[in-house]
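These notes are about the structure you will find just below.
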Number of protein chains: 4
Amino acid sequence: MKHINISRSLGRPKRSEQEQSTDELILTVAGRLFMQKGYQKVPVEEVAKACNVTKATVYYYYATKAELFTAAMLAMMERIHQRTLQILSEDSPLRERFLLLAEVHLQATTSIDLTTFLRENHQVLTTQQMQKMKEAEEEIFQVLEFALEKAMRDGEIRKVNKKFAANAYLSLLRMGNQNLANGSELFKDPKGAAIEILEFYWRSLQN
Amino acid sequence: MKHINISRSLGRPKRSEQEQSTDELILTVAGRLFMQKGYQKVPVEEVAKACNVTKATVYYYYATKAELFTAAMLAMMERIHQRTLQILSEDSPLRERFLLLAEVHLQATTSIDLTTFLRENHQVLTTQQMQKMKEAEEEIFQVLEFALEKAMRDGEIRKVNKKFAANAYLSLLRMGNQNLANGSELFKDPKGAAIEILEFYWRSLQN
Amino acid sequence: MKHINISRSLGRPKRSEQEQSTDELILTVAGRLFMQKGYQKVPVEEVAKACNVTKATVYYYYATKAELFTAAMLAMMERIHQRTLQILSEDSPLRERFLLLAEVHLQATTSIDLTTFLRENHQVLTTQQMQKMKEAEEEIFQVLEFALEKAMRDGEIRKVNKKFAANAYLSLLRMGNQNLANGSELFKDPKGAAIEILEFYWRSLQN
Amino acid sequence: MKHINISRSLGRPKRSEQEQSTDELILTVAGRLFMQKGYQKVPVEEVAKACNVTKATVYYYYATKAELFTAAMLAMMERIHQRTLQILSEDSPLRERFLLLAEVHLQATTSIDLTTFLRENHQVLTTQQMQKMKEAEEEIFQVLEFALEKAMRDGEIRKVNKKFAANAYLSLLRMGNQNLANGSELFKDPKGAAIEILEFYWRSLQN
DNA sequence: CATGAATGAGTGTTCATTCAT
DNA sequence: GATGAATGAACACTCATTCAT
């Protein structure tokens, strides 16, 4: 209703937040802030200011803070979902695709791993809101599981519990993200981290 | 007036909270609550009430909420440290010790993985407080790394970056914890989870 | 787009709200809502929604909320005025006319007694707005007073302060309304209430 | 618990609000303000300021605004109850006692008639809070009804529905209060009003 | 050792009102 | 004639913290 989506260049959707409609701008900014500081530590006012609008404007579009949070997270997850889907749709060997995926996600500020983050903030959300989040999360997992399943069928990797393998993969990526985020000397750069993580992970999948 | 502790169902009451001195009681209870709900969502008042004392009493022992948090976390980490140290000090094969460690920690409500938790709440702490936490965390890691190093020297596992391996191990354990915590069907019980996780992890360490 | 009025149970919908012009519709609906919940507890938005228009539309017709309130109340009072005038214009004995008036008003959701209601909300109105209200109220009183005066002249009732008598009459009607509105067992139905009230009131007017 | 009632001279409890404990002070002031301007139009902050404390202090004693309101009203009603009881307990003729009661209440800023007032603000209260109010109101009515009943038994007045008669009496007093409050020329002073009202009312009770 | 009282600085949310279209 | 977008000013309520006793 309040959406007037005026195009969206598929290539690099980063630059020029000014072009977004106000509600989209709020969504993007809120998502960034919530991820950076956590739900509790971002007053609605801060989101508003970062968007050059007033608190009341935020409430014009999103009825409650929790709803804004939900919407922002869902949008984020959808972006991740798409990016993941796109990478895994190529037809190179799974190992290559997983490596690429790792690189991409270790570079992104928005981690693939909303899991932890959501769990922390799950208490403010209504059951329905949580449900939506779970579904969105599940979709992302399914993309991974599907790719793993195919690789098993093709004999590219050994038979494993695909759910487990998907979880483990994301878990290791999250570890990478965190070590990159804080100044740990474990990894120097995303690329190196991706390689090391995948090399380690892959051993567990090998025939 | 005597404390009349009317039980508190969640998380087994650490045998005989009544016997602890007030400051220890506060520490324990605070630790439990912070872990359950997160730093932001636990008012000092709540800690106080759960201890049958007043807010002012909490402040009598701990100058600020952040300090209480720090102290509670350090105590927790110390307990984990000790437990970990104890398990890894035995002289069975590393794989067995890691399995046991996994079992123990997947059963505990207090996860071995404070890493994530600390990162969330890191903004309220002073640099000094963070420093202490880092050190405590580091100690836990070192126990793992030491065990891994020895196993490498003994040829029990292949040569790997021990820091990386320790991180990966904890990362997978955390994944286990989370899947056990929310109702995911991935694992049915801690024991099974421990086995599956270790089996997966170990493949990456094998010669 | 057509109005799709999905019924609104409380207070019979004043036959065919759809036919009214928008400004009249707003007036009617606002009147009903203000009476039901009180000025303060009816946001302009609520009036708008109940009319299937937007807030801005309400402001298009009425410059401020207070003005809308004033207009709605005046319209209401005018209706009451007319109804009262009509009943009291008949030439049956005063007692009969007062009884009929009582019945009619105890059945109406919109009480004859705006007095109290206005007093509550008098602080938001401008002096001029209050003035108009006072005048409208006064007109209603005058109809009663006129009838009382005539009855005195005709010897139908004893000599009393007509202003006082009019006030007392409305006061007792209000009491009736309230006892009917809340579930008090004092009265079972409007008709019975009217009879009882008039019987009591009349004794004070008798020669 | 938070009450430390340090005496209370039975004679004239008006003067010297400073002697009251903070919670009592808040109660008194809140009562006065709510009666003057209505629940909605008195921000908690205003109550606080009028007491020379901060908003937070008000909330220290009363969990919500509605609770403060309830407590203040109950206290008021209790005072009215006591005053009424005291006056009606004397053993002069009912007419004299009712006259005195009328005088007293027409002079008081705090009207005997909370009925209307409560009805307006009833929507913010919980059912339980409303219940308490109703009970307190009922008690006041019972004092009146009891006196009326006795007068009937003694043949001082005719047989009437005592509930009705009590309601009517309060209704007329309220009318008096309102006409005294706004500048209506109907009454010049409380004493005169009391006399006129009682004279009118009494005719309906006479044998 | 422990507490009751008090507070300052938020923080989510509401709402009357304006204005360009 | 009607509206979507935006806002400023309130306002209820929370909470970490202080302090005299």
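We use all heavy atoms of the structure for the numbers below, so side chains are in, but hydrogens, waters and symmetry mates are not. The structure presented is a predicted model; accordingly, all values stated were derived computationally and were not measured. In the text below, chain A, chain B and the rest are named by the order of the sequence lines, each starting its count at 1.
Between B:T57 and the phosphate of E:dC1, there is no side-chain N or O to OP1/OP2 separation shorter than 4.0 Å. For B:Y61 and E:dA2, the shortest distance from a side-chain N or O to OP1 or OP2 is below 4.0 Å. Phosphate proximity of E:dA6 to D:T22: present, with a side-chain N or O under 4.0 Å from OP1 or OP2. Checking the phosphate oxygens (OP1, OP2) of E:dA6, no side-chain nitrogen or oxygen of D:Y60 falls inside 4.0 Å.
Atom CD in D:E45 sits roughly 12 Å away from atom P in E:dT7 (whole-Å rounding). Rounded to whole angstrom, the span from the NZ atom of D:K41 across to the C1' atom of E:dC15 amounts to 16 Å. Taking atom OH on B:Y62 and atom C1' on E:dA2, their separation rounds to 15 Å, with Å as the unit. For the pair C:N52 CG and F:dG4 P, the interatomic distance rounds to 12 Å; values are reported in whole Å. The CD-P distance, from B:E67 to F:dT17, rounds to 10 Å in whole Å. As rounded to whole Å, 13 Å separates atom C1' of E:dT14 from atom CD of C:Q40. As rounded to whole Å, 16 Å separates atom P of F:dC15 from atom CG of B:L68. The distance from atom OH of A:Y39 to atom P of E:dG12 is 7 Å, rounded to the nearest whole Å.
Looking at which nucleotide of DNA chain F each of B:A63 and D:T64 is closest to, the 5′-most match is held by D:T64. Nucleotides of DNA chain E nearest to A:Y59 and C:A56 differ in position, and the one nearer the 5' end is that of A:Y59. In terms of position along DNA chain F, the nucleotide closest to A:V58 lies nearer the 5' end than the nucleotide closest to the other residue of the pair A:V58 and D:A66.
The pair A:E46-A:K37 counts as a salt bridge, with a side-chain nitrogen and a carboxylate oxygen less than 4.0 angstrom apart.
In this structure, B:K55 forms no cation-pi arrangement with B:Y60, as its terminal cationic atom is not both closer than 6.0 Å to the ring centre and no more than 45° off the ring axis.
When distances are taken from the side chain of B:K65 to each of E:dT13, F:dT3, F:dA16, the shortest belongs to F:dA16.
Checked by distance alone, B:K55 brings a side-chain donor or acceptor within 3.5 Å of a matching partner on the base of F:dT17.
The partner of F:dT18 is E:dA5, by the rule that a Watson-Crick or G-U pair needs both atom distances under 3.5 Å. When Watson-Crick and G-U wobble pairs are counted only if both distances are under 3.5 Å, E:dG12 pairs with F:dC11.
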Inset, instruction - With side chain to side chain contact (heavy atoms under 4.5 Å, CB included) as the test, would you mind laying out the steps for D:M35 and D:M73 before giving the verdict? - result: CA-CA 9 Å; D:M35 287 300 291; D:M73 289 303 111; 4.3 Å; yes
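Classification of the B:F69-B:Y39 ring pair by plane angle, with boundaries at 30° and 60°, yields perpendicular.
Looking at A:V29, A:L33, A:L68 one by one, the single match for side-chain contact (heavy atoms from CB on, under 4.5 Å) with A:V42 turns out to be A:L33.
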